[in-house]
Amino acid sequence: MGLLIWAINVTAQVILYLLLARAVCSWFLRNGGGMAFKIYRILMLLTEPIVAPCRKITRRFPTGMFDFSVLLAFFLVMIVRDVLIRLLGMIA
């Protein structure tokens, strides 16, 4: 059981770091063909399955020019991680 909890933690941490890197890159990289932009594109491909549903949710709210979908995804990953770990703790 401890190995499963460790795997959940590691997976969540990797996803959170990818989301953070995506957010930071989005502030600085818009166009280009350099190596940094290629890394940004990879980050987008890896995180888009998590961010896309959050974007659908945040579109319902008037946030102006700000996109809070990555922030929402960040919080949802943390919540899911905590819920899974608590459920595993209750089972064990």
Side-chain angles (χ1 to χ4, degrees):
M1 195 66 68
L3 183 62
L4 186 56
I5 291 173
W6 177 82
I8 290 170
N9 270 325
V10 169
T11 303
Q13 283 300 117
V14 168
I15 293 170
L16 292 174
Y17 286 133
L18 290 172
L19 288 169
L20 181 63
R22 174 186 172 144
V24 170
C25 286
S26 73
W27 297 336
F28 299 108
L29 302 172
R30 289 289 174 198
N31 301 331
M35 186 60 149
F37 190 74
K38 289 178 184 178
I39 292 171
Y40 176 56
R41 298 257 320 165
I42 292 170
L43 288 170
M44 287 188 61
L45 289 171
L46 291 172
T47 57
E48 192 61 24
I50 299 168
V51 175
C54 296
R55 190 175 299 115
K56 288 181 184 178
I57 293 169
T58 58
R59 276 192 198 142
R60 297 179 186 173
F61 303 101
T63 59
M65 62 183 220
F66 299 106
D67 180 16
F68 292 105
S69 57
V70 175
L71 183 63
L72 179 60
F74 196 87
F75 287 126
L76 287 176
V77 168
M78 289 192 300
I79 290 169
V80 168
R81 177 196 62 197
D82 292 346
V83 167
L84 287 175
I85 290 173
R86 286 179 192 238
L87 286 174
L88 289 172
M90 292 170 66
I91 291 171

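The first residue of the sequence shown is numbered 1, and numbering continues consecutively from there.
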Inset, instruction - Might you confirm whether atom CZ of F37 has over 12 heavy atoms from other residues, nucleotides or ligands at distances under 6.0 Å? - result: yes
Inset, instruction - Please check if atom CE in M35 has more than 12 non-hydrogen atoms from other residues, nucleotides or ligands closer than 6.0 Å. - result: no
Is there a path from [X] to [Y] through hydrophobic residues (I, L, V, M, F, W, Y) whose side chains come within less than 4.5 Å of each other?
{"X": "V77", "Y": "V80", "answer": "no"}
{"X": "L43", "Y": "L16", "answer": "no"}
{"X": "I39", "Y": "F28", "answer": "no"}
{"X": "M78", "Y": "V51", "answer": "yes"}
{"X": "I85", "Y": "M1", "answer": "yes"}

Any chance you could measure [X], atom [atom1], to [Y], atom [atom2], to the nearest 0.5 Å?
{"X": "L45", "Y": "L18", "atom1": "CG", "atom2": "CG", "result": "11.5 Å"}
{"X": "R86", "Y": "M90", "atom1": "CZ", "atom2": "CE", "result": "10.0 Å"}
{"X": "F61", "Y": "L72", "atom1": "CZ", "atom2": "CG", "result": "9.0 Å"}
{"X": "L88", "Y": "L4", "atom1": "CG", "atom2": "CG", "result": "5.0 Å"}

Legend entry - Chi angles and distances behind the side-chain contact (heavy atoms from CB on, under 4.5 Å) call for T63, T58: CA-CA 8 Å; T63 59; T58 58; 5.6 Å; no
Legend entry - Where at least one partner belongs to residues 19-28, residue pairs that pass side-chain hydrogen bond (donor to acceptor under 3.5 Å, both in side chains), sequence neighbours excluded: R22-T47, R22-E48
Inset, instruction - Not counting sequence neighbours, list each pair that qualifies as a side-chain hydrogen bond (donor to acceptor under 3.5 Å, both in side chains) and has a residue in residues 6-15. - result: Q13-R81
Inset, instruction - State, to 0.1 Å, how close C54 and S69 come at their nearest heavy-atom pair, and which atoms those are. - result: CB-O, 3.5 Å
Inset, instruction - Give the minimum heavy-atom separation between L19 and V70, together with the two atoms involved. - result: O-CG1, 3.7 Å
